[in-house]
Structure formats: C-alpha cells, structure tokens
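By convention in this document, chain letters (A, B, ...) are assigned in the order of the sequence lines, proteins followed by strands, and residues within each chain are numbered from 1. Here the structure is a predicted model, which means the values were calculated and not measured. The figures here come from the full heavy-atom set of this structure, side chains too, leaving out hydrogens, waters and symmetry mates.
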Amino acid sequence: MKRTKIFKLLNSETPIKDVLIKGWVRTRRDSKTFSFLEINDGSCLKNVQVIADSGLDNYDAINRISTGSAVAVSGELTPSKGSGQKWEVQATDIDILHMSPDSFPLQKKRHSDEYLRSIAHLRPRTNKYGAAFRIRSELSYAIHTFFRDRDFRYIHTPIITGSDCEGAGEMFRLTTFDFKNIPEIDGKTDFNQDFFGKEANLTVSGQLSAEMFALSLGDVYTFGPTFRAENSNTSRHAAEFWMIEPEMAFCDLEGNMDLGEEMVKYLATFILDECKDDLDLFARFVDKQLMNTLENIAESTYVRLPYTEAVDILTHSKFKFEYDVSYGKDLQSEHERYLTEKHFKKPVILYNYPKTIKPFYMRLNDDNKTVAAMDVLVPRIGEIIGGSQREERLDILEHRMDETGLNKENYWWYLDSRRYGSVEHSGFGLGFERLIMLVTGISNIRDVIPFPRTPKNIDF
RNA sequence: UCCCCAGUAGCUCAGUUGGCAGAGCGAGUGGCUGUUAACCACUAAGUCCGCGGUUCAAGUCCGUGCUGGGGAGCCA
C-alpha cells in the first residue's frame, strides 16, 4: 500500500477506510487503554493524531515510543472525537521503523534559534524550520513561474569564474595546487600550472554572463548560488547565498524598476495565497506585524525617489541620525530604514545614484555625475534589490573601467557585446534569503538557508 | 575588521556584598485522564566555556583566549 502524505489526509473531504502514513513522532500522550501519537511527515505544518489502542499486539513497544522516532501507521481516517482536530487515524497496525533514544536533541518545547543552529541537521524537524524551508521551496517555484509567465529564459551561468573581478566583492579562490608545493615564477604564484591555467574563483554574480544572454535571447534570468568572501558578521550576510538576476534587452531604468516592483509584489501575494498555514505560524510566533507588512508590500505603490531627493528628505528630517547624510556618500542602513519605516511607511525605490559609489557597468546619466542605478528598499530588511540600466556605449564603458582601475583585457568578451549590436538593457539582483526573511519575519539569514556558511562556520 | 553583550543541568535561565550549585521545562519512575507542547507526585542529572591571576575563599573580581548573539562597514 502506498503511503498518503499527511497534508493530503488532513484535507480529505470524507473518511477513508484504509490509509498508510509514515512520519516522525512529535509527542505521545497515554491514556489508560490507548495512546495518542502526533505524527508529522514534513508535508505540512500540522500533525495527524493517531489513536493506538492497547489491543495492538506491539502496544508495549508503542508505549515506549519517544519523540523523534519514525513510524508507519496503517488504519482508518475517521472524524476525531476530540475537539482539537477534524480528522484522526484509528490505527490497526503501527510499525516502529526506528526508535529515537532520549538523547534526541529536539524536545517538546521551544528552543532558541541559536541552539537550533548548532543542530542544523535536525532543525527542519521543528515546526518553525519546517515551515521556513517549505516556504523557501514555494518561493523558488513562484520565481520560476513569475519569469516563465513573462517569457523570460532561465540561464545557468557558471559557478566557477575566470574573471578576476565581477565588481561585487571579495572572492573565494579555487585551485588544485598542493598548498605545500605551490609553483612559482619570478617570486609569484605561477597560475599557468593551475587547473585552468589562470586564476579561478567562485562567482560573486552571474550578471555579466546574463547580460550576454539577454543580448541574445531577450529577457533572461539566473537563479543560483553566489559566493562572497567578505568577512561580514551580520544577520543579513552569508558567504554562500542564492541570488535571482533578471536581465532584459531593450529595457531602460524605468522598465527595470517596474519589473522589480512587480516581482516583489507577485512573490508577497503568492505566499499570502499559497502558504497560509506556514505563514500563520510566523505571524503568531515570529513577527506579529508580518501580515500587515506583507499586505503593504503586496498592495502599495512603491515610492520612486531620486537619490538627491532622498538626501534632501534626510537632511531636512528632524530625526537624529548617528551618521550624517551628504550628497556623494552612500546611505547608511539607518537612513534606508528611516525612509521605508518612518517617512514613507512603504517600499521605496531609490534611483540615479552618484557614479562614485556605484560599479563601472551602470549607465552614466546625461548629468555626467549620476548613474542609472536603482535599489528597492523594504521596511525592516533594507535593500532587497540592487540593479541598474547597463552602460551600452563602448567608449563610455571603457572610460569608466579605466576610472575604476579595471583591466579591460580580462573583459574582452564583455566589451564585445558593446561592439556588435549593442542595445540598451537593464537588470537587477534579488537576494533570495533576504526575500525569505522578508516574507517570514525571520531576522537572521542563518535561519532561512538550510546549512548556512558564514565566517568561521562550515559545520554540516 | 570594529563596537557592545553573553557563556551555569539535555534546553531556557536565576544566582544578592566574593561565603554549601538553584528553578522551570525535558528525561526516568509511579499515578490519573478522549488527550491537545496534557495533568499530579517522586527521582536522577553540573569540567559554572578554556587558561592564568587576585583572595583564607571565585560561578561572582582582574587579564587573556575561544564560542555565540546584537550593531556598524561591505552588500544581496
């Protein structure tokens, strides 16, 4: 007999004579002539209540089943005589697949996030983390749906890159050298002898590759892991994280902002509609304001504000900031939060930043001082999207590379796209973990990725 | 990398002026009950993060290291 997932069972319209469920015991409550077992199989937040009658041949063993044990239960789905649930399973046979000894680290009580991080291999068996990772999966699906509905193509950009810099931070080096015997030439490492014959790194962004495909297939996106070797110790940064990077040909900054806003709204709406049970857990136990925040993000029209006007608002604000605001400096976290949480009370898209604080590939505006960049800022998380219209004019792009000290030879292929049929195009990056933090209210990035990689932490 | 805070039972934490190591939850045992993270009683459980110092005496004070958390910078 095939097992039925608990999610399906609990949504049944009618009683079912014969069912088989398999899962892990969350708790056991004994009565005189029978026991209640709460079984969870990960298919949904809810457990199913199983009635184990003392008449079962292995009742002695059933009475010793502990939290964490795995069981297979055959029986009948019947309306519950108790008041807490619609259905329950009256067991005719309980096969104890594996007993969990009492050293099982998860107890029938709340644990701290810090403790659960130390048992990251077991935490998906808790309500909160089960819900978080189901939502992570649903959001992945929603992202692909969003793009496919809009005729975008999914591009797999390389994880290993030969570019010495993609303009987005410190990189992890990749080599097959024997560290005890690294070949040198003229006192320097001889990368000619390394696997690729030159320096290789893990990617920090798929953008430059994605641009090549946007300039071939039209509208494309990437969705994959990204690696930054920054020594960042915050609740919003990880060394390995997933990023979604759409890139659109024949699209200017305004079209780019339109897509960013539409996408964030779509994803918030999707989660509100499709993940009610799991979302409800976060709204009750993690962030009481979660539903308001999500509805605000799903429904409000995002403010679009040039960087200079943002600086004006901030300098004229009576609010006391720890750091001063002035034109030409990047905004601090506290400034972004002020704009989204206090001043506008909704998401804000800032655009046209000074070129001095943005990378070389962003398109220079006619004022010669700003670039066509845009950041989508949301309450509580801050920057969730960073993007721009790309510089499509070869001479200006080369000039910007010189200004920022990049070696143009390494980017010959990138520059080729501006030599042959160059057109305006735009794109952005959306941090997948930050999106999950936004929709769940979870405040630490380490708790929305299965096995987080942060400085000095690579267990599991 | 910088600033701040913390580390005590399996977990969450209390521990006063330096003076015998504590509670709740969990676990074990017994009881009770169509129960709902059940309830009642009893029992077991400790390298007080490591190292060094001050002191008659250190969980407590000082130094240092490690680990974790919050914030900043970098960004997604």
Q) rC75(B) phosphate, OP1 or OP2: any side-chain N/O from Arg228(A) under 4.0 angstrom? A)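 For rC75(B), neither OP1 nor OP2 has a side-chain N or O of Arg228(A) closer than 4.0 Å.
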
* Asked: rU67(B) phosphate, OP1 or OP2: any side-chain N/O from Asn457(A) under 4.0 angstrom?
  ->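 For rU67(B), neither OP1 nor OP2 has a side-chain N or O of Asn457(A) closer than 4.0 Å.
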
Please tabulate, one pair per line, each protein N/O and nucleotide N/O from nucleotides 1-5 of chain B that are separated by under 3.5 Å, including the distance.
from: rU1(B); atom 1: OP1; to: Asn231(A); atom 2: ND2; distance (Å): 2.8
from: rU1(B); atom 1: O4; to: Asn231(A); atom 2: O; distance (Å): 3.3
from: rU1(B); atom 1: O4; to: Asn233(A); atom 2: N; distance (Å): 3.4
from: rU1(B); atom 1: O4; to: Asn233(A); atom 2: ND2; distance (Å): 2.7

Got a sec, which residues hit side-chain hydrogen bond (donor to acceptor under 3.5 Å, both in side chains) with [X], two or more places apart in sequence or on another chain?
X: Glu88(A); answer: Gln49(A), Ser80(A)
X: Lys346(A); answer: none
X: Lys8(A); answer: none
X: Glu295(A); answer: none

Under a 4.0 Å heavy-atom criterion, the protein footprint on nucleotides 25-30 of chain B, written with B, S and -, is BSS---

Which part of the nucleic acid, if any, lies within contact of [X], taking any heavy atom under 4.0 Å across all strands shown: a base, the sugar-phosphate backbone alone, or nothing?
X: His111(A); answer: sugar-phosphate
X: Leu435(A); answer: nothing
X: Gln49(A); answer: base
X: Gly431(A); answer: sugar-phosphate
X: Glu88(A); answer: base

Pairs under 3.5 angstrom only: tabulate donor-acceptor contacts from the side chains of residues 447-457 of chain A to other protein residues two or more places apart or in another chain.
from: Asp447(A); atom 1: OD1; to: Arg117(A); atom 2: NE; distance (Å): 2.8
from: Asp447(A); atom 1: OD1; to: Arg117(A); atom 2: NH2; distance (Å): 3.4
from: Asp447(A); atom 1: OD1; to: Arg123(A); atom 2: NH1; distance (Å): 3.2
from: Asp447(A); atom 1: OD1; to: Tyr129(A); atom 2: OH; distance (Å): 3.4
from: Asp447(A); atom 1: OD2; to: Arg117(A); atom 2: NH2; distance (Å): 2.7
from: Arg453(A); atom 1: NH1; to: Phe451(A); atom 2: O; distance (Å): 3.4
from: Arg453(A); atom 1: NH1; to: Asp459(A); atom 2: O; distance (Å): 3.4
from: Arg453(A); atom 1: NH2; to: Phe460(A); atom 2: O; distance (Å): 3.1

Set of residues satisfying ring-ring contact (aromatic ring centres under 6.0 Å, His included) with respect to Phe147(A), sequence neighbours excluded: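 With sequence neighbours excluded, Phe147(A) shows a ring-ring contact (aromatic ring centres under 6.0 Å, His included) to Phe152(A), Tyr221(A), given in chain and number order.
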
query: Going from OG on Ser69(A) to CZ on Phe104(A), what distance comes out if it is rounded to the nearest 0.5 angstrom?
result: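 If we round to the nearest 0.5 Å, Ser69(A):OG and Phe104(A):CZ are 8.5 Å apart.
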
(request) Look at the side chain of Arg117(A) and decide which nucleotide, out of rG10(B), rG69(B), rG34(B), has an atom nearest to it. (result)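 Looking only at heavy atoms from C-beta outward on Arg117(A), the closest nucleotide is rG69(B).
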
Between rC39(B) and Arg29(A), counting only base atoms on the nucleotide and side-chain atoms on the residue, is there a donor-acceptor pair under 3.5 Å?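 Side chain to base: no pair present.
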
Pairing residues for Glu76(A) by the side-chain contact (heavy atoms from CB on, under 4.5 Å) criterion, not counting sequence neighbours: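 With neighbours one apart ignored, the set is Lys17(A), Thr78(A).
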
Exercise for the section: Can you tell me which residue pairs pass the ring-ring contact (aromatic ring centres under 6.0 Å, His included) test with a partner in residues 59-96 of chain A, sequence neighbours excluded? Expected result: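 Non-adjacent pairs meeting ring-ring contact (aromatic ring centres under 6.0 Å, His included): zero.
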
Tabulated below should be each protein N or O lying under 3.5 Å from an N or O of nucleotides 45-50 of chain B; please produce it.
none

query = How would you list all residue pairs meeting salt bridge (Lys or Arg N to Asp or Glu O under 4.0 Å) that involve residues 53-68 of chain A, not counting sequence neighbours?
reply =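 Listed by first then second residue: nothing to list.
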
If we require ring centres under 5.5 Å and near-parallel planes under 30°, does Phe432(A) stack on rA76(B)?
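It does not: the two rings, one from Phe432(A) and one from rA76(B), miss the stacking criterion.
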
